[in-house]
Amino acid sequence: MPFPARSRGVIARAPAAWLACADLDMSEIPKAYEPSAVEDKWYQSWLEQGWFTADPSRVSPRRSAYSMVIPPPNVTGVLTMGHVLNNTVQDVLARKARMDGTEVLWLPGTDHAGIATQTVVEKTLRKQGLIRHRDDLDREKFLEHVWAWKDKHGGIIIQQLKKLGCSCDWTRERFTMDPEYSRCVQKVFVDLFRKGLIYRGRRMVNWCPVSRTALSDEEVIMKEQRGHLYYFRVQVVEADGSPVRVEAVPPTAGAPPAPVPGLAASAVGSGDAAPPPAWGPESDTEGRTWLIIATTRPETIPADTAVAVHPADPRYARFIGKFVKRALPLEGPALIPVIGDEQIDRQFGTGVLKVTPAHDAADYEIGLRHRLPVIEVLEADGTLNARAGRDLAGLDRMAGRKKAAELLEAAGTLVKAEPYVHNVGFSERADVPIEPRLSEQWFLKYPSVEPARVCVAAPGDSSPNKLRFHPDRWARVYDHWMANLKDWCISRQLWWGHRIPVWYSEGHTKLRRRLVITRLTGRELPGSNIRELRRSALDYAVRAGILGQDFLNLDTGQTIRVPKSSLQHAFSRFGVAHVKLVPALPGLLRHAVRVATEPHQPPSTQVKAVETYLAALQLGDQMFRVKFRVKVFPSNIRLYDHQAVLLWREKAIEPDGLKSPEVAAPGDHPSRPASGSGVLLADLVTDVNHDPAFTRCQETAPGPEWTQDPDVLDTWFSSWLWPFATMGWTGDPARDAANRTLQTFYPTTDLVTGPDIIFFWVARMIMAGYEFTGQMPFRHVYFTGIIRDRLGRKMSKSLGNSPDPLELIAQYGADALRFGTLRSAPLGQDVLFDEQNVELGRNFCNKLWNACRFRQLQGGAVEGEIVPERLTSDDRWILLRLDQAIREISRAFAEYKFNEVAATLHRFFWSEYCDWYLEAAKAALQAPDPARRTNTLAVMDFVLNHTLRLFHPLLPFITEELWHGLGYARDLPPDQGGRTIQFAPWPKPLSEEEKAWFGLDGAVETRAAAKYELVSLGRNLRTQFNLPANRRVTFLFRPADPLPSAELEVLRLLLNAEALQPVEPAWQPTRPMPSAANSLGELFLPLEGLVDAGAERARLNREREKVAAEIARVRDKLDNPTFVQRVPPAVLEEHQRRLAEWQAREAQVLQALANLPE
RNA sequence: GCGCGGUUAGCUCAGUGGUAGAGCACUUCCUUGACACGGAAGGGGUCAGAGGUUCGAGUCCUCUAUCGCGCACCA
């Protein structure tokens, strides 16, 4: 009967080539595995053979594609334990996929990491004394240094990944600043700009004073900081500066009597356990009134432009409309208003808030609501400027804070300073507090939000076509973030990165003058309907001297006339709301800057030229650029013409705080003819950033007179394209359709990354995937844990708690590091790294090495086929355990539970194969019968062959070495493991047919288990009676059923017994003799000399108690009628079986007790 | 404040309603022909607490305590 053919080249016989290997001099095989030479040798060989290189042409309906893109490490970074975990998982997936017979692309590369890299290079240059700040060099010079740095340090991490064994397709390695990649980034920017999703605006952003750049919200991490809460007082005054008298402050019900400042202790740092005072307005002996304000940032007092209280706060409401004397700067006391705002928390501090619109996001919004001026006292580098006053100017903000408190104390206005713990936003990279700062930045409204939001399977949702997170609970985090998206600040004030592909014409930079308009009131524009209002507006224009008047433009010295027809058009269709620009017109005409002079389109003899002007205009709370044109006639008369392009909807003009403007649809950009109908003056309000006459967003420079935006893009703005940009995506449908890599391997199968970049990277990649390729970029996202040290701290260079993975590899081997890391990294839990895990990995590799070495040492003439008739019970048992291990490991792989894979392999190989099978097999190997020996070696080869394959994804190096060393490669087809274990098919569980062929059934398992249990019991007897392990002993064995001699020999060997002497079933010990029994039979340990019968009785009684307790437990359940009725039959049977077993054991123990003499 | 995760052996952690597990550490014995990076035996548990569902709960539900993380934040 032939051995059933196993699909895909699983061998069941020892390779014929075995003999060739057996020629090896045994002494040459080292006792301990020495990884370093093995690892380098094989990695080099793998690279030379090109086995990591993906070939789209090998993909077919029968051979599917598997792909991953590496999370690109910082190009100048070095390998951390986080990388080790992350890339080991990916390599395991890639190698498993190769063994599964798929065409694998694992696409590697590096990230330019804007801020991180630039900071490092700056620091280095400073250390070398070449610069003090990057501005000491010009952009090009600085970038030369960065590229030099990149060439020197870039790629180190790639070499390190190779050390780890990563099977990336290095022929496809990418860098985010590669020319092709940069083109993708530019193209995407231009595309989003044209879609109206990218805009520029002056907003409150997170500013890093060290890196001197804006950051996105995601790059700010809140940290608890110990600081002080400073209480200081300000005097309440009328608008003319006269004090608000004490009489104006009646005692408030419920409030304690206001402390008199002269008596109040001014105690800096007094944070004792005194109960918090109930705060309220104070009055002093001279009848003046004071408010007390609590702040953590006294250095920003000079930037305060109001003091705010809750309008319904009985303590303070009466002061709304009054003023206070700002405490700082000392030399320039100013009056700032007391305002009422519902957002004030009456409970917090004193209930009085200082409002600093320039340096606090919340205050900025209050400032918008109350139209407060903005005073900036902090510079980009975090130092205080002249507006902070002479005492603070030039100080760093932290020093300024201390100084400001001292100034207040010296002035007698500091009430107290108490220790205070609060959350402060820190720059992730520079690890310094960020500064909220108003600045002009580029923002992106996220694209394809909806498809990206719904494509991710919610926890528990198993719909087949969705993108799945592992573990799925991260979907909730993702969903929450996606539902609360805020526009992404994508510009960085750096040099290292993708420069923003926007160019400005000269006019853009010329624009400096600012106009402030006043609004017309109903008195000036009376009217009860549009028609009346329009007439009033025209009348107003006449009265105000706008119509028909000449205005001198200060920029050109030319006069510009406003013809009546122009304004008539303006008022022809629209309501009064738009007339508000009318009074600004004279100013516009005077202060506008001419930015272009062009011929009239279409060419006209009547118009010599058309001049384009720009002016800055503050309207309400926002700054706009106003563009208008002036026609120059042959007579050199210049006539105002109000043609403009409408870009923003009306509501965009409303001060909307930090919300991004609604962008007009393309259809709303009418190219209206000059002097055409339907143009209104408000249309003139435009943003030059979106006017193609002055701003061009395109991939290449429009011309020499254009200057490019100096900023670069956030690094993540390139990373979010990684899955397809690395595959050569161009955005050109025809070219992309011809791109075989892209068509074959995109979307990718798995993404492996840490949950800490779920917002930075994963979410954005999903949106970019949908926006630019129309599909999700990956099917599965596996989130690793975060590696922490033994104390649970995140690993970091500054803490010095991050071991160097390369040192670990040198010391223990790459396989050991991989195994140890995986074994301690359960799905979705953080990993507390402990070097002992790596040691465990090394020990394990050594065990594997030696188990194979043992097989090698047996050598000799080996006949390949397993003969089922000759299989021992141990052989059958280990085949069943192997089958079980294959099932468990395959399932764990499918569930991304790599720690279970490692644990199962560990258990199977160490506890089952080595501890039991291998020891038992020694009996057969020492047997005189060569056929028995041969068959056992065939089983060992079968199991080892499968085992090495199961281990390969985790331990690539040692398995390849052993695969060849044991000769398993020789007999196989080249692409099925013949040249490398990498392509050996992944083991399949045994089929029913195969199990029948080998004679494997449940009885085999229970019988073997009983045998090993009896051995344990026997060994236990040895120990109990203090027989040293090297003492040769003889056991007597009374089998329950007769055992073949081969089995007895196995038992003897496992018991480490000199002899195992069978006795008749009726035999009884004639003297006290320790014994142990189970279903297989009873072991007796005949000791020379007397055994203490009392001691043996005591031992047996302990055993009996234990057994009795077990019996009671099971019986309790079985005696419960509802249990018997309701429990599933299988469980009931299990309990009954268990009861029978324990009862049998009890009987044996009782018998043994009875055999003891009194 | 909201959300998520954790709490199981001395430590680090698995655990899928049905006999509480692993590695390390610990105790004792052993260098026996693969391995001392090893082998054998052993000790060690109120599964954070309370309540509930169930024949049965470490596992499911509710609450509490506690630790960690994320989001949002008050000056």
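Quick note: numbers below take in every heavy atom, side chains included, and nothing from hydrogens, waters or symmetry partners. In the text below, chain A, chain B and the rest are named by the order of the sequence lines, each starting its count at 1. For clarity, every value in this text was computed on a predicted model and none was experimentally measured.
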Starting the side chain at C-beta, find the nucleotide from [options] nearest to [X].
X       : options             : value
A:Q836  : B:A34, B:C24, B:G38 : B:C24
A:N899  : B:A75, B:A14, B:C29 : B:A14
A:E1110 : B:C29, B:U32, B:U19 : B:U19
A:K847  : B:C4, B:C71, B:G38  : B:G38
A:R1138 : B:C29, B:A75, B:U19 : B:U19
A:P1028 : B:G18, B:C29, B:C74 : B:C29
A:M222  : B:G39, B:C73, B:C37 : B:C73
A:N1020 : B:U19, B:A22, B:A41 : B:A41
A:W1142 : B:C30, B:U19, B:A34 : B:U19
A:L353  : B:C35, B:C71, B:A75 : B:A75

[X] [atom1] to [N] [atom2], straight-line distance once rounded to whole Å:
X       : N     : atom1 : atom2 : answer
A:I786  : B:G5  : CD1   : C1'   : 12 Å
A:I344  : B:C73 : CD1   : P     : 16 Å
A:F759  : B:A72 : CZ    : P     : 8 Å
A:R1022 : B:A40 : CZ    : C1'   : 9 Å
A:E888  : B:U16 : CD    : P     : 14 Å
A:H470  : B:C4  : NE2   : P     : 21 Å
A:L918  : B:A40 : CG    : P     : 12 Å
A:R1115 : B:G56 : CZ    : P     : 21 Å

What's [X] touching, base or sugar-phosphate or nothing? Going by heavy atoms closer than 4.0 Å.
X       : answer
A:A851  : base
A:Y420  : sugar-phosphate
A:S911  : nothing
A:A1130 : nothing
A:P1121 : nothing
A:E900  : base
A:R1113 : sugar-phosphate
A:R346  : nothing
A:C914  : base
A:R1019 : sugar-phosphate
A:D345  : base
A:Q343  : nothing
A:N1026 : nothing

Spacing of the [atom1] atoms in [M] and [N] (rounded, Å):
N     : M     : atom1 : result
B:C11 : B:C47 : P     : 16 Å
B:G68 : B:U54 : P     : 38 Å
B:U27 : B:A14 : C1'   : 25 Å
B:G6  : B:A25 : C1'   : 23 Å
B:U59 : B:G15 : C1'   : 9 Å
B:U16 : B:G58 : C1'   : 13 Å
B:G44 : B:U8  : C1'   : 14 Å
B:U46 : B:C29 : C1'   : 34 Å

Taking 4.0 Å as the cut-off, does a side-chain nitrogen or oxygen of [X] come that near to OP1 or OP2 on [N]?
X       : N     : value
A:K31   : B:G38 : no
A:N843  : B:G38 : yes
A:S1016 : B:A40 : no
A:W910  : B:G39 : yes

Watson-Crick/G-U partner (both atom distances under 3.5 Å) of [N]:
N     : result
B:C74 : none
B:A14 : none
B:G43 : none
B:G3  : B:C69
B:G38 : B:C30

_Tell me which one of A:F893, A:F783, A:Y896, A:F898 satisfies ring pair (Phe, Tyr, Trp, His ring centres under 6.0 Å) with A:H470._
A:Y896
*Rounded to the nearest 0.5 Å, how far does CZ of A:R453 lie from CG of A:L485?*
9.0 Å
*Answer yes when A:D874 and A:K1011 have at least one side-chain N-carboxylate O distance shorter than 4.0 Å, and no when they do not.*
yes
Quick check: does any side chain N or O of [X] sit under 3.5 Å from a backbone N or O of [Y], one acting as donor and the other as acceptor?
X       : Y       : result
A:T356  : A:A358  : no
A:R1052 : A:A1057 : yes
A:T350  : A:I292  : yes

*Does a donor on one side chain sit under 3.5 Å from an acceptor on the other, for A:Q1125 and A:T1122?*
no
_Donor on one side chain, acceptor on other, A:W849 and A:E34, under 3.5 Å_ = no
Within the modelled atom types, does a donor on one side and an acceptor on the other bring the side chain of [X] and the base of [N] under 3.5 Å apart?
X       : N     : result
A:E919  : B:A34 : yes
A:R1032 : B:U32 : no
A:N423  : B:C73 : yes

_Derivation and outcome, salt bridge (Lys or Arg N to Asp or Glu O under 4.0 Å), residues A:R1138 and A:E1133_ = CA-CA 8 Å; A:R1138 210 189 298 159; A:E1133 273 174 40; over 6 Å; no
*Would you mind telling me which residue lines up with the more 5' stretch of RNA chain B, A:E839 or A:K486, judged by nearest nucleotide?*
A:E839
*Where does the angle between the aromatic ring planes of A:F844 and A:F951 fall among parallel (under 30°), tilted (30 to 60°) and perpendicular (over 60°)?*
tilted
